[in-house]
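Here's the structure we're looking at; comments come further down.
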2 protein chains.
Amino acid sequence: MSLDRVTKEHRVESVERALSILEAFSDRRRNLALSELADETGLYKSTILRLASSLERYGYLRRDDASRFRLGPSLWRLGSIYRQDFGLGEHIRPVLRRLVTATGETASFYVLEMDERLCLYRENSPNSVRHHLEEGSRLSLDRGAAGHVLRAYGAGSGNAQQLLRPDGGCISVGERNPDIAAVAAPVHDRDGALHGALAVSGLRSRFDAERRTHALELVLEACRELGTVA
Amino acid sequence: MSLDRVTKEHRVESVERALSILEAFSDRRRNLALSELADETGLYKSTILRLASSLERYGYLRRDDASRFRLGPSLWRLGSIYRQDFGLGEHIRPVLRRLVTATGETASFYVLEMDERLCLYRENSPNSVRHHLEEGSRLSLDRGAAGHVLRAYGAGSGNAQQLLRPDGGCISVGERNPDIAAVAAPVHDRDGALHGALAVSGLRSRFDAERRTHALELVLEACRELGTVA
DNA sequence: CAATCCGGTTCTGTCCAGTAGAACGCACAT
DNA sequence: ATGTGCGTTCTACTGGACAGAACCGGATTG
């Protein structure tokens with residue numbers, strides 16, 4: 001009987017213990033002491049040291065001069081391969097940059113992963129000093145224009161359709177962050193399947209209704225352009 | 001007795017088996033069949049399926065509609081945290097972009113990891129159509145201006161010092177790729193420790209001796225600027 | 001049409017890999 | 001001098017993980 005692979009019973013407990021060590025890190029917690037890892041994962045320190053030794057050997061973890069653990073270079077290397085698999089290569093940054101220039105706001109590209117969105121590319125606006133979000137960030141799908149777009153086109157969520165405009169894009173104001181407004185639209189690949197969502201976002205005080213409408217036009221046009229290379 | 005951590009005997013074989021599955025992927029081989037993974041890793045297919053189940057569950061691997069394995073989103077997310085740890089945030093892309101604009105060539109930032117260099121940031125020149133190198137790429141240290149710089153300042157290699165210019169930078173022509181010339185210089189952090197190397201590279205037919213000298217001046221200036229934020 | 005091949009999946013007896021958790025050493029605080 | 005907390009080492013014990021055969025289904029070949 002063929003179970004769904006992700007939920008199937010097969011598992012290797014040691015591997016999942018090791019991965020749970022890696023999962024303890026976040027952009028707010030980029031280095032951790034042994035005791036902190038023990039607290040976070042519930043693993044014994046001796047267990048962590050053994051697992052960490054293997055992770056270090058393969059470059060997934062490292063230890064700094066103060067014996068604190070940090071994530072290792074193999075993650076960046078393999079993560080970059082994951083991103084390359086979306087096939088946007090050298091095309092997306094110029095497109096994002098044009099959007100930044102034309103709108104004065106930050107431009108991003110998100111993909112749908114499970115029940116979240118993941119930021120693959122981001123070009124910050126020189127104007128946005130406290131709009132801090134990094135490539136690699138995970139965000140929810142239930143707030144923000146890009147979340148609605150990914151939910152509507154990719155996750156088959158009926159209610160997200162209602163949040164879309166007739167042109168297929170979406171505008172949100174102060175949903176994920178009260179001060180931020182965003183516009184987004186879907187990028188489809190040649191087969192018509194959802195590839196990701198292109199978004200422009202900025203402080204709502206500057207990114208007003210008129211500018212949002214104009215930005216969405218530019219985003220929709222950029223999505224059509226990206227759709228020809230995906 | 002305190003052994004060097006990376007070479008110490010402790011290891012968890014199952015974890016290293018799982019990681020060897022991830023290591024089978026590269027930018028040239030972004031999706032693999034079960035049999036290909038078996039060939040590449042030497043593991044039994046049943047072993048791979050068990051290990052892969054855990055990797056999938058944590059988002060490190062996924063399977064597409066054709067049952068081929070691909071790297072998963074967790075690698076991009078954690079890899080981005082690794083890159084953030086270098087603290088270059090929003091400062092480096094504008095610096096790289098200025099170098100691209102001023103020189104007409106591609107600009108990159110590399111860090112030293114073990115006995116290799118790893119590309120963390122890259123801004124491609126619109127001119128360079130076949131100068132294909134991605135963020136995340138690993139390169140050797142023994143060829144190319146950036147490799148020499150990282151070896152000289154970070155790996156304590158005596159002979160690399162000789163390849164440096166009096167101003168601390170380096171120029172290379174056709175070392176790693178016969179058609180490519182590059183200039184590079186070190187970025188130090190506030191403590192004076194090596195942070196990474198900034199490089200500009202392009203086709204040697206266009207990136208001639210005069211332009212390289214000028215580019216190196218700009219790179220050295222940019223390195224000083226980046227040194228104040230690292 | 002039957003036989004063969006190949007890739008992916010399932011199953012289970014066996015064994016040793018991996019864990020739990022105590023003990024230890026060291027630095028720092030009281 | 002004593003107590004605390006962190007990181008490291010050690011080992012008896014157990015169940016996690018593997019090897020590898022068997023199976024299934026689709027594609028190919030004769």
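As the structure is a prediction and not an experimental result, all values here were calculated from the model. Naming: A, B, ... by sequence-line order, numbering from 1 per chain.
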Check the distance between [N]'s [atom2] and [X]'s [atom1] and give it to me in whole angstrom.
X     : N      : atom1 : atom2 : answer
A:R11 : D:dA17 : CZ    : P     : 10 Å
A:R50 : C:dT19 : CZ    : C1'   : 6 Å
A:I48 : D:dT8  : CD1   : P     : 11 Å
B:L34 : D:dC24 : CG    : C1'   : 15 Å
B:D64 : C:dG8  : CG    : P     : 11 Å
A:L51 : D:dT9  : CG    : C1'   : 16 Å
B:L49 : D:dA17 : CG    : P     : 15 Å
A:L32 : D:dG7  : CG    : P     : 11 Å

Requested in this report: Classify the side-chain pair B:R77/B:S74 by whether it contains a donor and acceptor separated by less than 3.5 Å.
Outcome: yes
Query raised in the report: Distance check: side-chain N/O of B:R63 vs OP1/OP2 of C:dT9, anything under 4.0 Å?
Result: yes
Requested in this report: Taking the six-membered ring of A:Y121 (Phe, Tyr or Trp), confirm whether the NZ or CZ of A:R93 is under 6.0 Å from its centre and within 45° of its axis.
Outcome: no
Is any side-chain N of the basic residue among [X] and [Y] closer than 4.0 Å to the acidic one's carboxylate O?
X     : Y     : value
B:E40 : B:R29 : yes
A:D85 : B:R70 : yes
B:E56 : B:R62 : no
A:E36 : A:R68 : yes

Query raised in the report: Can you find a heavy atom in the side chain of B:R30 that is under 4.5 Å from one in the side chain of B:L71?
Result: no
Query raised in the report: What residue pairs, at least two apart or across chains, pass ring pair (Phe, Tyr, Trp, His ring centres under 6.0 Å) with a residue in residues 36-81 of chain B?
Result: A:W76-B:W76
Query - Qualifying ring pair (Phe, Tyr, Trp, His ring centres under 6.0 Å) pairs with a residue from residues 135-154 of chain B, counting only residues at least two apart or across chains - result: B:Y153-B:H188
Query - Positions of residues 13-25 of chain A (non-hydrogen atom under 4.0 Å from DNA chain C), listed by number - result: A:S14, A:R17
Query - Partner residues of B:D167 under the salt bridge (charged side-chain N to carboxylate O under 4.0 Å, His left out) criterion, sequence neighbours left out - result: B:R165
Query - A:E135/A:R122 under salt bridge (Lys or Arg N to Asp or Glu O under 4.0 Å): CA gap, chis, key distance, verdict - result: CA-CA 6 Å; A:E135 291 176 355; A:R122 187 164 177 97; over 6 Å; no
Query raised in the report: Which listed nucleotide (D:dG7, C:dG7, C:dT19) is nearest to the side chain of B:V12?
Result: C:dT19
Report summary line: Axis-to-axis angle across the helix from C:dC1-D:dG30 to C:dT30-D:dA1, five pairs each end, nearest 10 degrees, ~ 30°
Query raised in the report: Is there a residue in residues 36-47 of chain A whose heavy atoms reach under 4.0 Å of DNA chain D, and which residues are they?
Result: A:K45, A:S46
